[in-house]
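Here the structure is laid out as structure tokens; the discussion comes afterwards.
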Amino acid sequence: MFQSFEHTAFRLEVRETYNAPREVESFRRFRAGEQVDLSWAETWFSMIRQATAEGRRFARVRIVSVPLSEYNRFGLWAAQFTTEAGEDIRYLQRDVAEHLDLPNHDYWLFDSRKLVRMTFGEDDRFLGAEVIEDSSVIVEHNYWRDAARHHAMSRDEFVAKYEQRDDQRR
């Protein structure tokens with residue numbers, strides 16, 4: 001679906017951590033303050049650049065708790081490269097998402113009509129995805145996408161606000 005969508009691919013991320021095997025070493029290096037190699041993500045960056053050049057859009061909203069978990073700090077840092085590739089990544093504080101009654105599950109929504117709900121295990125590993133075809137469920141997920149995007153802030157706005165809070169704590 002990442003190659004065949006026509007207009008938009010949207011992801012809602014709600015977890016505090018993701019245990020993705022390809023990220024383990026990069027995350028370890030990030031926590032240790034070492035130089036991080038994201039070459040494993042270059043295929044993803046290339047796909048985003050190509051889609052963007054074709055006029056298609058990748059977007060996501062990450063729901064996060066503040067203060068950020070170590071994993072979400074890593075994701076915020078890494079998002080600068082995904083954003084440079086053309087993806088619109090936004091951040092929404094968890095308390096706002098709860099007030100909006102957003103779902104507590106991750107999903108991809110392609111062209112506002114193809115819904116893929118993601119499932120994760122207790123250890124935060126991706127277990128699989130289910131394609132949902134029920135139109136009322138798809139409409140509900142479109143509503144959640146729109147509400148999340150409306151209330152979320154860009155990565156750069158979030159970084160500025162988050163860094164300001166960190167400075168105030170020092």
Side-chain angles (χ1 to χ4, degrees), residues 1-2 5 8-24 26-31 36 38 40-45 47-49 51-52 56-112 114-129 132 140-166:
M1 291 186 191
F2 294 111
F5 75 91
T8 59
F10 171 81
R11 167 97 183 258
L12 182 70
E13 292 183 351
V14 302
R15 304 181 66 78
E16 289 294 329
T17 60
Y18 293 86
N19 188 357
R22 68 183 186 276
E23 295 178 349
V24 170
S26 295
F27 183 40
R28 184 200 66 74
R29 289 174 148 287
F30 176 83
R31 286 191 326 250
V36 178
L38 293 179
W40 56 267
E42 187 52 44
T43 302
W44 181 253
F45 300 151
M47 183 175 57
I48 293 169
R49 282 191 290 272
T52 301
R56 299 181 299 137
R57 184 176 57 144
F58 274 91
R60 76 177 68 211
V61 171
R62 290 181 170 156
I63 296 173
V64 295
S65 298
V66 175
L68 294 176
S69 67
E70 275 193 289
Y71 183 84
N72 279 326
R73 282 183 36 252
F74 169 65
L76 186 63
W77 171 82
Q80 66 186 307
F81 304 105
T82 311
T83 301
E84 284 175 7
E87 184 172 10
D88 179 9
I89 300 178
R90 296 175 183 254
Y91 286 80
L92 181 64
Q93 289 187 19
R94 189 164 306 279
D95 59 340
V96 175
E98 289 170 356
H99 179 73
L100 295 170
D101 289 326
L102 295 181
N104 196 26
H105 61 268
D106 285 34
Y107 67 88
W108 278 101
L109 185 62
F110 298 93
D111 296 325
S112 301
K114 296 176 187 171
L115 174 63
V116 179
R117 183 174 173 168
M118 304 170 73
T119 306
F120 295 84
E122 298 274 331
D123 63 352
D124 299 315
R125 286 185 187 259
F126 177 68
L127 297 177
I132 309 289
E140 184 175 44
H141 283 74
N142 274 282
Y143 168 79
W144 288 330
R145 176 206 53 210
D146 294 347
R149 284 187 49 79
H150 177 76
H151 291 279
M153 61 184 77
S154 72
R155 180 211 171 266
D156 292 345
E157 289 173 310
F158 190 82
V159 166
K161 185 174 183 178
Y162 177 72
E163 286 177 351
Q164 183 181 27
R165 284 185 179 179
D166 276 358

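Counting begins at 1 with the first residue of the sequence. Worth knowing before you read on, the calculation uses all heavy atoms, side chains too, and leaves out hydrogens, waters and symmetry mates. These numbers were taken from a predicted model, which means no experiment stands behind them.
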Practice prompt. Have a look at Tyr91 and tell me which of Val159, Leu76, Val61 forms a side-chain contact (heavy atoms from CB on, under 4.5 Å) with it.
Written response: Leu76
Worksheet item: So, Arg94 side chain and Val14 main chain: donor-acceptor pair closer than 3.5 Å or not?
Response: yes
Response to the item:
All heavy atoms of Ser26 vs all of Leu38, minimum pair found to be OG-CD2, 4.0 Å
Practice prompt. Step through it carefully: locate the ring centre of Phe5, locate the ring centre of Phe58, and say whether they are under 6.0 Å apart.
Written response: yes
Discussion item. Please determine whether the number of non-hydrogen atoms from other residues, nucleotides or ligands lying under 6.0 Å from atom CZ of Arg117 exceeds 12.
Written reply: no
Worksheet item: Is there side-chain contact between Trp108 and Met118, with at least one heavy-atom pair below 4.5 Å?
Response: yes
Discussion item. If I take atom CG from residue Leu100 and atom CH2 from residue Trp144, how far apart are they, to the nearest 0.5 angstrom?
Written reply: 12.0 Å
Fill in: Check against side chain to side chain contact (heavy atoms under 4.5 Å, CB included), Asn142 and Arg145
CA-CA 5 Å; Asn142 274 282; Arg145 176 206 53 210; 3.0 Å; yes
Discussion item. How close do Glu13 and Asp106 get, counting heavy atoms only, and between which atoms?
Written reply: CA-OD2, 3.6 Å
Item to complete: Please assess Phe30 against Arg73 for the test side chain to side chain contact (heavy atoms under 4.5 Å, CB included), listing each intermediate value before the final yes or no.
Response: CA-CA 9 Å; Phe30 176 83; Arg73 282 183 36 252; 4.1 Å; yes
Item to complete: Rounded to the nearest 0.5 Å, what's the gap from CE on Met1 to NZ on Lys114? Could you check?
Response: 6.0 Å
Worksheet, complete the sentence: Taken to the nearest 0.5 Å, the spacing of Arg56 CZ from Ile48 CD1 works out to 11.0 Å
Worksheet entry | Arg90 and Phe158: CA distance, side-chain angles, deciding distance, side chain to side chain contact (heavy atoms under 4.5 Å, CB included) verdict | CA-CA 8 Å; Arg90 296 175 183 254; Phe158 190 82; over 6 Å; no
Discussion item. Just verifying a value: how many Å separate Glu70 CD and Thr17 OG1, rounded to the nearest 0.5 Å?
Written reply: 11.0 Å
Discussion item. Can you give me the closest heavy-atom contact between Ser65 and Glu16, atom names plus distance?
Written reply: OG-OE2, 2.7 Å
Discussion item. Using side-chain heavy atoms (C-beta onward) and a distance below 4.5 Å, is Asp156 in contact with Thr83?
Written reply: no
Discussion item. Could you go through Arg155 and Arg62, starting from their C-alpha distance and side-chain angles, then the distance that decides it, and tell me whether this counts as side chain to side chain contact (heavy atoms under 4.5 Å, CB included)?
Written reply: CA-CA 10 Å; Arg155 180 211 171 266; Arg62 290 181 170 156; over 6 Å; no
Item to complete: Would you confirm whether the ring centroid of Phe126 sits within less than 6.0 angstrom of the ring centroid of Tyr18?
Response: no
Worksheet item: Does Arg149 reach the side chain of Asp88, with side-chain heavy atoms less than 4.5 Å apart?
Response: yes
Discussion item. If you compare all heavy atoms of Ala148 against all heavy atoms of Leu12, which two are closest, and at what distance to 0.1 Å?
Written reply: CB-CD1, 4.2 Å
Worksheet, complete the sentence: Tightest non-hydrogen contact, residues Asp124 and Phe120, listed as O-CD2, 3.8 Å
Worksheet item: Hey, what's the ring geometry for Trp77 with Phe81, parallel, tilted or perpendicular (30° and 60° as the breaks)?
Response: perpendicular
Worksheet item: Roughly how far apart are Leu92 CG and His150 NE2, rounded to 0.5 Å?
Response: 11.0 Å
Worksheet item: Is there a side-chain contact between Phe45 and Glu84 (heavy atoms, below 4.5 Å)?
Response: no
Worksheet, complete the sentence: What one should report as the nearest heavy-atom pair of Ile89 and Ala79 is CD1-CB, 3.8 Å
Discussion item. Rounded to the nearest 0.5 Å, what separates atom CG in Asp111 from atom CZ in Arg57?
Written reply: 10.5 Å
Item to complete: Fit a plane to each ring of His105 and Tyr107, take the angle between them on a 0 to 90° scale, and name the class: parallel (under 30°), tilted (30 to 60°) or perpendicular (over 60°).
Response: tilted
